[in-house]
Undergrad: 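Okay, handing you the structure first.
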Amino acid sequence: QVQLVESGGGLVQAGASLTLSCAASGRTSSSYVLGWFRQAPGQEREFVASIAWTGRGTLYADSVKGRFTISRDSAKNTAYLQMNSLKPEDTAVYYCAVRTARVISRMPIDYDYWGQGTQVTVSS
């Protein structure tokens with residue numbers, strides 16, 4: 001079992017920055033993949049970014065490429081999502097998730113453990 005707790009969400013104006021954190025505990029492993037997803041009201045959960053826990057490899061959705069950066073601190077068992085130049089369309093509940101496999105994926109179904117989510121609201 002892996003437990004994930006997100007934090008760092010909030011209400012910001014367009015153009016601002018936020019950093020989300022995802023603290024992992026339980027049976028974590030350096031062979032896992034961590035992903036960030038988001039879900040806006042009435043929409044399906046969508047991929048944002050993912051990173052191999054080794055740090056060797058990242059993947060971003062086109063909509064956030066160049067604005068968001070995913071990283072992790074293996075010593076703290078914590079992953080981060082640095083979000084810059086936020087837009088109103090980035091408004092959603094953001095979830096972190098762990099995939100118990102080495103290959104990075106953008107598909108929610110490939111992830112085995114999920115956090116409870118943190119709300120990000122960007123006003124125009």
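Numbers here simply count residues along the sequence, with the first being 1.
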Undergrad: If you compare all heavy atoms of L34 against all heavy atoms of I70, which two are closest, and at what distance to 0.1 Å?
TA: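 Looks like O-CD1, 3.9 Å.
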Undergrad: If every non-hydrogen atom of A14 is compared with every non-hydrogen atom of P88, which pair is closest and at what distance?
TA: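 Shortest heavy-atom separation between A14 and P88 comes out as CB-CD, 4.1 Å.
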Undergrad: Is K65 paired with D62 through a side-chain N to carboxylate O contact shorter than 4.0 Å?
TA: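 K65 and D62: salt-bridged.
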Undergrad: T54: which residues meet the side-chain hydrogen bond (donor to acceptor under 3.5 Å, both in side chains) condition with it, sequence neighbours left out?
TA: none
Undergrad: Quick one, M83 and S17 - any side-chain contact, counting heavy atoms below 4.5 Å?
TA: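 Answer no - side chains too far apart.
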Undergrad: Would you say Q13 has more than 12 foreign heavy atoms packed within less than 6.0 Å of its CD?
TA: no
Undergrad: So which heavy atom on D90 is nearest to which on R67, and how close?
TA: OD2-NH1, 2.8 Å
Undergrad: Going by the angle between their ring planes, with limits at 30° and 60°, are W114 and F37 parallel, tilted or perpendicular?
TA: tilted
Undergrad: If you round to the nearest 0.5 Å, how far is NZ of K87 from OG of S63?
TA: 8.0 Å
Undergrad: Could you tell me if the side chain of W53 sits less than 4.5 Å from the side chain of S74, heavy atoms only?
TA: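 Of all side-chain heavy-atom pairs linking W53 with S74, at least one is under 4.5 Å.
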Undergrad: Considering all heavy atoms of both residues, which atom of Q39 and which atom of Q43 are nearest to each other, and what is their separation?
TA: NE2-O, 3.0 Å
Undergrad: Using side chain to side chain contact (heavy atoms under 4.5 Å, CB included), reason through T100 and Y113 one step at a time and then give a plain yes or no.
TA: CA-CA 9 Å; T100 58; Y113 300 99; 3.8 Å; yes
Undergrad: Taking T91 for the side chain and V122 for the main chain, is one N or O donor matched with an acceptor at less than 3.5 Å?
TA: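 Between the backbone of V122 and the side chain of T91 there is a qualifying donor-acceptor contact (under 3.5 Å).
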Undergrad: Does any non-hydrogen side-chain atom of F47 lie less than 4.5 Å from one of M107?
TA: no
Undergrad: Could you check whether atom CZ of R45 has more than 12 heavy atoms from other residues, nucleotides or ligands sitting under 6.0 Å from it?
TA: yes
Undergrad: If Ile, Leu, Val, Met, Phe, Trp and Tyr residues are connected whenever their side-chain heavy atoms lie under 4.5 Å apart, and connections chain through other members, are V12 and L81 in the same group?
TA: yes
Undergrad: Hey, does L20 have a side-chain heavy atom less than 4.5 Å from the side chain of T118?
TA: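 Yes, at least one pair of side-chain atoms sits under 4.5 Å.
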Undergrad: Can you list the residues that meet the side-chain hydrogen bond (donor to acceptor under 3.5 Å, both in side chains) rule with T121, with sequence neighbours excluded?
TA: Q119
Undergrad: Run the side chain to side chain contact (heavy atoms under 4.5 Å, CB included) check on R106 and E46 step by step: do they pass?
TA: CA-CA 8 Å; R106 61 175 70 233; E46 68 169 350; over 6 Å; no
Undergrad: Out of N77, T58, I51, which residue meets the side chain to side chain contact (heavy atoms under 4.5 Å, CB included) rule with R72?
TA: I51
Undergrad: When you check the side-chain N and O atoms of R38 and Y94, is any donor under 3.5 Å from an acceptor?
TA: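 Judged by distance alone, the side chains do pair up.
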Undergrad: Indicate whether any N or O donor in one side chain lies under 3.5 Å from an N or O acceptor in the other, for D73 and T78.
TA: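 Note: D73 and T78 side chains miss the donor-acceptor criterion.
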Undergrad: Under 4.5 Å between side-chain heavy atoms, counting indirect links through other Ile/Leu/Val/Met/Phe/Trp/Tyr residues: same cluster for Y32 and W36 or not?
TA: yes
Undergrad: State, without any angle test, whether T19 and Q82 hold a side-chain donor-acceptor pair at a distance under 3.5 Å.
TA: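 A donor-acceptor contact under 3.5 Å links the two side chains.
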Undergrad: Walk me through it: do L86 and L18 pass the test side chain to side chain contact (heavy atoms under 4.5 Å, CB included)?
TA: CA-CA 8 Å; L86 283 161; L18 272 178; 4.1 Å; yes
Undergrad: State, yes or no, whether a side-chain contact exists between V48 and F68 at a heavy-atom distance under 4.5 Å.
TA: yes
Undergrad: Just verifying a value: how many Å separate R56 CZ and I104 CD1, rounded to the nearest 0.5 Å?
TA: 12.5 Å
Undergrad: Heavy atoms only: give me the nearest V33-S50 pair and the separation to one decimal.
TA: CG1-CB, 4.2 Å
Undergrad: Does S105 reach the side chain of Y111, with side-chain heavy atoms less than 4.5 Å apart?
TA: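 Side-chain contact under 4.5 Å: yes.
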Undergrad: Can you tell me if E6 uses its side chain to pair, donor with acceptor, with the backbone of G117 under 3.5 Å?
TA: yes
Undergrad: When you compare the side chain of L4 with that of Y95, does any pair of heavy atoms fall below 4.5 Å?
TA: no
